[in-house]
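Scroll down for the structure; my scribbles are underneath it.
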Amino acid sequence: MGILEKIKDIEAEMSRTQKNKATEYHLGLLKAKLARLRQQLLDPPKSSGKGGDGFEVLKSGDARVALIGFPSVGKSTILTKLTETKSLAAAYEFTTLTCIPGVIQHKGARIQLLDTPGIIEGASQGRGRGRQVIAVARTADLILMMLDANKGEIQKRLLQEELESIGIRLNSQPPNIYFKLKSAGGVNLTATQTLTKITEKLAKSILHEYKIFNCDLVIRCDPTVDELIDAIEGRRSYIRCLYVYNKMDHMSMEDVDRLSRQPNSVVISCNMNLNLDFLLDKIWDYLNLVRVYTKLRGASPDFNDAIILREGATMEDICRFLHKELVSQFKYGIVWGVSAKHCPQRVGISHALEDEDVIQIVKK
Ligand SMILES: Nc1nc2c(ncn2[C@@H]2O[C@H](COP(=O)(O)OP(=O)(O)OP(=O)(O)O)[C@@H](O)[C@H]2O)c(=O)[nH]1
């Protein structure tokens, strides 16, 4: 029996099985089996020497945003509106045949926006060009899930399931679980708090399912079966996602109001240019980028030339960005802005910077 058939069998068994205390253990094991088979399906065949699917676009700019959505939801249109790229959009389905990169210039940052071929159901099983879309989505700092506002909820559910099944977790944090494989010593399972959603017996059986007989597993939270499987499997991508409901021009005000109140959601109309500025601001917020301006002694900072860094970046990151030898030459930094306790503040190399800080570096 092929992997796909095995997956179908397990899915069918899971939907047949009622969810209650008595079946919890059985369902947990089925979930582990399913996760393992899905991973096998996604792993590239060992024999093929070919790398990638000829689809990968070079990562460039300060951050990468992947556009994902069903055909004809308006992905090409938004790419044309937000970036300089001329993506071919027409009034028929499957217009985007290759992955088209564009660049959003916003607040001094260059954000790469990738339009992907219309993702379709079953992409995780290798149907359509979904597999390549998924590979691109994994490398993104943010996913824009574009939905047709009039069919939004079904599309959202299907895409979420699709991404979930290939190990992408949207808007969530990795569970606080430490897992390390060992070569001997058996299974060392420690739970630092009471487990209410799984039992130790189930955790051990899941490890058994993965043929893991020697490991350290320290559970520091109260995980679900899925979270435990995620920790054991590894290779999960935790990515923020904005749900972009397009075509609001075809909706009632009540529906616009309802959708825009949902978490992580923005309602727009590409054709009528409605709410696109708000979407850009949201993208900026979700990327958690930090703009830092440098200044030379006695001169004014150049506010047209920001250095773009990730949230939590330190003086050391800036030094590395400017010149590879600057870290060893660094004596101290002077900071003006939110991260400074008083302005200006003299800081060390581990000082964390905030958005719109101005800095001066003093060398030894
Ligand atoms: N009413 C309305 N139609 C829109 C809006 N945005 C895009 N469309 C239309 O939707 C159709 C599909 O748009 P595309 O941008 O090609 O969609 P796509 O998601 O790139 O499609 P694929 O390339 O097939 O994946 C076009 O006819 C657009 O004119 C909008 O805000 N309102």
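The model shown is predicted, which means the values in this text are computed figures rather than measured ones. We count ligands from 1, going down the list as the structure has it; atoms in each ligand are counted the same way.
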Q) Which distance, rounded to the nearest 0.5 Å, do you find between the CG of Leu242 and the CG of Leu287? A) 9.0 Å
Q) Do Pro71 and ligand 1 have an N or O pair less than 3.5 Å apart? A) no
Q | Sub-4.0 Å heavy-atom contact, Ser72 with ligand 1 | A | yes
Q) For Thr77, is at least one N or O under 3.5 Å away from an N or O on ligand 1? A) yes
Q. Heavy atoms only: which of Met272, His250, Met248, Lys247 is nearest to atom 11 (C) of ligand 1?
A. Lys247
Q: Go through ligand 1 atom by atom and flag the ones less than 4.0 Å from a non-hydrogen atom of Lys75.
A: 15 (O), 17 (O), 18 (P), 19 (O), 20 (O), 25 (O)
(Q) With a sphere of 6.0 Å drawn around CD of Gln173, does it hold more than 12 non-hydrogen atoms of other residues, nucleotides or ligands? (A) no
Q. Between Met146 and ligand 1, which part of the residue brings a heavy atom under 4.0 Å of the ligand: side chain, backbone, both or neither?
A. neither
Q.
Is it the case that atom CD1 in Ile154 sees more than 12 heavy atoms from other parts of the structure closer than 6.0 Å?
A. no
Q: Check ligand 1 against Asp249 and write out every atom of the ligand that is under 4.0 Å from a heavy-atom position of the residue.
A: 1 (N), 2 (C), 30 (C), 31 (O), 32 (N)
Q: Hey, could you give me the CG/CG distance between Leu207 and Leu217, rounded to the nearest 0.5 Å?
A: 6.0 Å
Q) Counting heavy atoms only, which of Ile68, Asn271, Leu79 is nearest atom 5 (C) of ligand 1? A) Asn271
Q.
For Tyr286, does the six-membered ring have the charged nitrogen or CZ of Arg240 within the cation-pi criterion, i.e. under 6.0 angstrom from the centroid and within 45° of the normal?
A. yes
Q. Taking the six-membered ring of Tyr25 as reference, does the NZ or CZ atom of Lys201 fall below 6.0 Å from its centre and within a 45° cone about the axis?
A. yes
Q: Look at atom CG of Asp277 and say whether more than 12 heavy atoms of other residues, nucleotides or ligands are closer to it than 6.0 Å.
A: no
Q) Does Arg346 CZ have over 12 foreign heavy atoms under 6.0 Å away? A) no
Q) So is Val73 polar-close to ligand 1, meaning N/O to N/O under 3.5 Å? A) yes
(Q) Side chain or backbone, does Cys270 bring an N or O within less than 3.5 Å of an N or O on ligand 1? (A) yes
Q: List every atom of ligand 1 that sits less than 4.0 Å from any heavy atom of Ser76, numbering the atoms from 1 in the order shown and giving each element.
A: 15 (O), 16 (O), 18 (P), 20 (O), 23 (O)
Q. What part of Asn246 sits under 4.0 Å from ligand 1 if we count only heavy atoms: the side chain, the backbone, both or neither?
A. side chain
